[in-house]
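The figures here come from the full heavy-atom set of this structure, side chains too, leaving out hydrogens, waters and symmetry mates. Keep in mind that what you see is a predicted model, and the values were worked out from it rather than measured. Just so it is clear: chains get the letters A, B, ... in the order the sequence lines come, proteins before strands, and each one is counted from 1.
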2 protein chains.
Amino acid sequence: MKSALETLPPEADTRTRIILTAGRLFHRHGYERTTVRELADAVGLKSGSLFHHFRSKEEILVAVMANGIQSVINEARALLARNHDPAARLEGMLRLHMHSIISGVGGDAMHAMIYEWRSLSPEAREPIRTLSEAYEQLWHQVIDDAVAHGLARGDPIILRKYLLAGLNSTVRWYRPEGRLAPEAFIQQLQQAALPDLQPDS
Amino acid sequence: MKSALETLPPEADTRTRIILTAGRLFHRHGYERTTVRELADAVGLKSGSLFHHFRSKEEILVAVMANGIQSVINEARALLARNHDPAARLEGMLRLHMHSIISGVGGDAMHAMIYEWRSLSPEAREPIRTLSEAYEQLWHQVIDDAVAHGLARGDPIILRKYLLAGLNSTVRWYRPEGRLAPEAFIQQLQQAALPDLQPDS
DNA sequence: GTCTATACATAGATAGAC
DNA sequence: GTCTATCTATGTATAGAC
């Protein structure tokens with residue numbers, strides 16, 4: 001269940017350090033408001049050196065997004081491959097998604113996906129859109145099945161968009177150090193999001 | 001149910017035209033990426049003239065947000081004042097919120113609230129935070145009541161945040177001209193968001 | 001209240017030495 | 001692969017005429 005990105009050696013290569021640092025800064029201050037000088041500073045480089053690794057600032061944003069979403073896709077595919085019960089799949093996808101968001105890297109990437117999409121040029125959007133659709137496709141199957149089995153009610157498309165938006169929005173306000181520990185939080189969130197999935201219902 | 005802002009005369013005063021145009025542009029292209037020159041152009045002014053009406057670009061963003069949220073607060077207060085049944089209140093608030101989002105002005109303001117919050121300086125955030133909390137407070141009452149009456153399940157705080165985030169996210173993808181007309185869309189969304197509220201359950 | 005003209009700061013990106 | 005130095009564009013905001 002642990003993300004590949006969390007297991008990186010402390011001395012990762014420069015390109016990777018740029019991506020991870022950029023994700024954190026974009027999350028904290030926004031992409032447009034983060035300057036290449038700030039990013040270089042945080043990585044421990046001078047601004048000119050960034051452009052040896054990336055052709056433009058936009059390319060860094062693309063890398064942040066792609067890095068995060070690819071990782072969650074891989075985990076989701078593994079989950080669905082080893083699990084075929086509709087309820088277990090639905091709950092598993094929700095838990096996986098939330099663990100990804102709560103982990104720093106996944107949350108940073110998710111935040112970028114949600115908030116910085118418009119900062120991408122049309123050309124830069126394409127690869128990200130492809131990845132994005134691949135991930136939504138996985139949810140699509142799971143939700144259709146869930147509705148068919150009475151685990152959720154409503155139009156599957158709207159249900160999926162509503163559910164993902166609600167889960168994603170937690171990057172804005174949930175803090176693992178706060179009142180609710182991650183496990184308890186995910187539990188509560190699941191009850192709010194998918195009341196019909198509860199064991200006691 | 002009609003927003004006060006939609007009833008403005010076609011020849012509104014310049015300040016109001018700046019606010020409405022800014023809301024539209026910020027929604028379409030983002031605050032940071034909208035230049036004061038573009039905004040002035042769209043209003044039919046030269047960029048210098050904007051600063052006769054507002055001290056800074058940030059002040060325009062604040063006005064966009066405050067304008068929209070104040071309007072929905074007023075309508076929500078009226079709704080709650082004339083209605084005391086928990087189910088009717090919950091459904092009414094959801095419908096009001098969605099109508100506000102789907103209407104141009106309310107949607108633009110909501111979009112700004114969600115996506116441009118970090119562009120505000122700490123001082124500029126204060127008045128907006130106050131308005132925001134006043135609105136959430138209204139939802140707070142309604143949701144607590146709803147949970148107490150079995151119209152929804154889960155932790156009321158998480159439920160409120162999850163619900164509002166899901167509704168708000170529709171500004172990103174719902175288009176009134178598309179497959180679902182506003183009324184049908186709100187109906188479907190209500191079923192996805194509040195399955196326990198359905199008349200048939 | 002709007003215009004023209006411009007000040008001033010800061011952004012992303014590049015060139016070439018090391 | 002990183003540095004220093006700098007180019008060039010573009011941003012917000014101001015001053016003063018009309």
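- Side-chain atoms of Lys57(B) come within 3.5 Å of backbone N or O of Thr34(B) as a donor-acceptor pair.
- In this structure, Leu39(B) places its CG atom 14 Å from C1' of dA13(D), rounding to the nearest Å.
- When rounded to the nearest whole Å, the span between NE2 of His29(B) and C1' of dG11(D) equals 17 Å.
- Contacts between residues 48-66 of chain B and DNA chain C, defined by a heavy-atom separation under 4.0 Å, are made by Ser49(B), His52(B), His53(B).
- Arg153(A) has a carboxylate O that lies under 4.0 Å from a charged side-chain N of Asp196(B), or vice versa, which qualifies the two as a salt bridge.
- Between Lys46(B) atom NZ and dT12(D) atom C1' the separation is 17 Å, expressed in whole Å.
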Go through the steps for Arg118(A) and Glu116(B) under the test salt bridge (charged side-chain N to carboxylate O under 4.0 Å, His left out), then give the verdict.
CA-CA 12 Å; Arg118(A) 281 169 315 174; Glu116(B) 315 298 2; 3.4 Å; yes
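- Ranking dT12(D), dC3(D), dT2(C) by closeness to the Leu45(A) side chain, first place goes to dC3(D).
- Judged by atom type and distance alone, Arg37(B) does not reach the base of dT10(D) through any side-chain donor-acceptor pair under 3.5 Å.
- To the nearest angstrom, P of dG11(D) lies 11 Å from CZ of Arg33(B).
- Between Phe185(B) and Trp173(B), the angle of the ring planes goes over 60°, which puts this pair in the perpendicular group of the 30/60° scheme.
- A donor-acceptor pair shorter than 3.5 Å can be found between the side chains of Asn74(A) and Gln70(A).
- In this structure, Arg28(A) has no salt bridge (charged side-chain N to carboxylate O under 4.0 Å, His left out) partners at least two apart in sequence or on a different chain.
- Between Thr14(B) and dT2(C) there is a side-chain polar atom (N or O) within less than 4.0 angstrom of OP1 or OP2.
- The CZ-P distance, from Arg17(A) to dT2(D), rounds to 8 Å in whole Å.
- Residue Glu32(B) contributes atom CD, which lies 15 Å from atom P of dT10(C) at whole-angstrom precision.
- Put simply, CG on Asp41(A) is 15 Å from C1' on dG12(C), counting in whole angstrom units.
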